[in-house]
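This report concerns only the one structure given below.
Keep in mind that what you see is a predicted model, and the values were worked out from it rather than measured. Numbered from 1 within each chain, the chains take letters A, B, ... in sequence-line order.
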Amino acid sequence: LAKTTQPISMDSYEGQEVNITCSHNNIATNDYITWYQQFPSQGPRFIIQGYKTKVTNEVASLFIPADRKSSTLSLPRVSLSDTAVYYCLVGERGYQKVTFGTGTKLQVIP
Amino acid sequence: DAGITQSPRHKVTETGTPVTLRCHQTENHRYMYWYRQDPGHGLRLIHYSYGVKDTDKGEVSDGYSVSRSKTEDFLLTLESATSSQTSVYFCAISTGDATYEQYFGPGTRLTVT
């Protein structure tokens with residue numbers, strides 16, 4: 001299972017775009033990149049998943065360069081309600097023993 | 001909403017007592033998981049199930065056992081609770097579709113005194 005490295009914490013002002021980068025240098029050919037969001041006192045929530053290039057949904061965008069050794073979760077125009085911990089996971093689809101790590105704690109400031 | 005409930009939501013118990021946490025789902029998903037979350041450690045997988053009576057160990061399975069006698073219920077048992085098992089426990093299910101996205105329950109806060 002590919003090891004991931006992401007910043008422990010980030011601060012951002014409301015209305016700004018936030019980019020959280022995850023490093024995964026030993027990503028394997030069959031691995032996908034998945035991001036989850038966790039609010040205090042709640043379980044994580046799936047945000048987005050991708051394999052290469054760019055994926056966008058109503059919540060976020062995921063940018064993956066050609067070498068796939070890193071990925072960037074982009075949150076457009078954050079609000080206070082985006083304050084949460086964001087986890088980057090790398091592994092094969094269907095691999096059950098996923099590792100969440102400690103994630104990136106995003107604090108959105110008014 | 002993936003129809004996941006956990007019971008109890010809060011529990012305080014004494015060291016050495018057995019404890020069983022229940023995870024219930026209403027949508028017959030194949031995969032179910034138990035995680036614990038502690039400050040500084042993120043979420044760590046305890047056990048998971050890939051079908052009735054089919055379970056496997058996760059990263060931190062020592063001191064825990066699980067059972068799944070029917071699709072909708074996944075039980076986590078602490079045979080003899082210790083203070084190191086004080087934690088928030090999350091149950092999750094996976095639809096097993098293209099993304100293997102996991103849906104999490106509300107969590108159970110367990111305190112072992």
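The cluster map of Ile, Leu, Val, Met, Phe, Trp and Tyr, joined by side-chain heavy atoms under 4.5 Å apart, puts A:Val55 and A:Tyr32 in different clusters. Both A:Leu80 and A:Met10 are part of a single hydrophobic cluster, where members link through side-chain heavy atoms under 4.5 Å apart. Under the 4.5 Å side-chain heavy-atom criterion for Ile, Leu, Val, Met, Phe, Trp and Tyr, A:Ile48 and A:Phe63 are members of distinct hydrophobic clusters. In the hydrophobic clustering of ILVMFWY residues, with side-chain heavy atoms under 4.5 Å counting as a link, B:Leu75 and B:Val19 come out apart. In the hydrophobic clustering of ILVMFWY residues, with side-chain heavy atoms under 4.5 Å counting as a link, B:Ile4 and B:Val66 come out together.
For B:Tyr35, the part sitting under 4.5 Å from any heavy atom of chain A is the side chain, from C-beta outward, and nothing else.
For the atom pair OH of B:Tyr103 and CZ of A:Arg45, the computed distance is 10.5 Å after rounding to the nearest 0.5 Å. The CD1 atom of A:Ile47 lies 10.5 Å from the CD atom of B:Glu101; values are rounded to the nearest 0.5 Å. Note: A:Gln38 CD to B:Phe90 CZ = 5.0 Å, rounded to the nearest 0.5 Å.
In B:Arg109, the CZ atom is not crowded: 12 or fewer heavy atoms of neighbouring residues, nucleotides or ligands sit closer than 6.0 Å. In A:Ile8, the CD1 atom is not crowded: 12 or fewer heavy atoms of neighbouring residues, nucleotides or ligands sit closer than 6.0 Å.
For the pair A:Phe100/B:His41, no side-chain contact is recorded, criterion being any heavy-atom separation below 4.5 Å from C-beta on.
For the pair B:Gln102 and A:Tyr36, the tightest heavy-atom approach, listed with the atom from each and the gap, is N-OH, 2.9 Å.
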Going through the distances and angles, do A:Tyr87 and B:Leu43 end up as a side-chain contact (heavy atoms from CB on, under 4.5 Å)?
CA-CA 10 Å; A:Tyr87 297 94; B:Leu43 280 97; 3.7 Å; yes

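Listed in order of number, the residues of residues 102-110 of chain A that approach chain B to under 4.5 Å between heavy atoms are A:Thr102.
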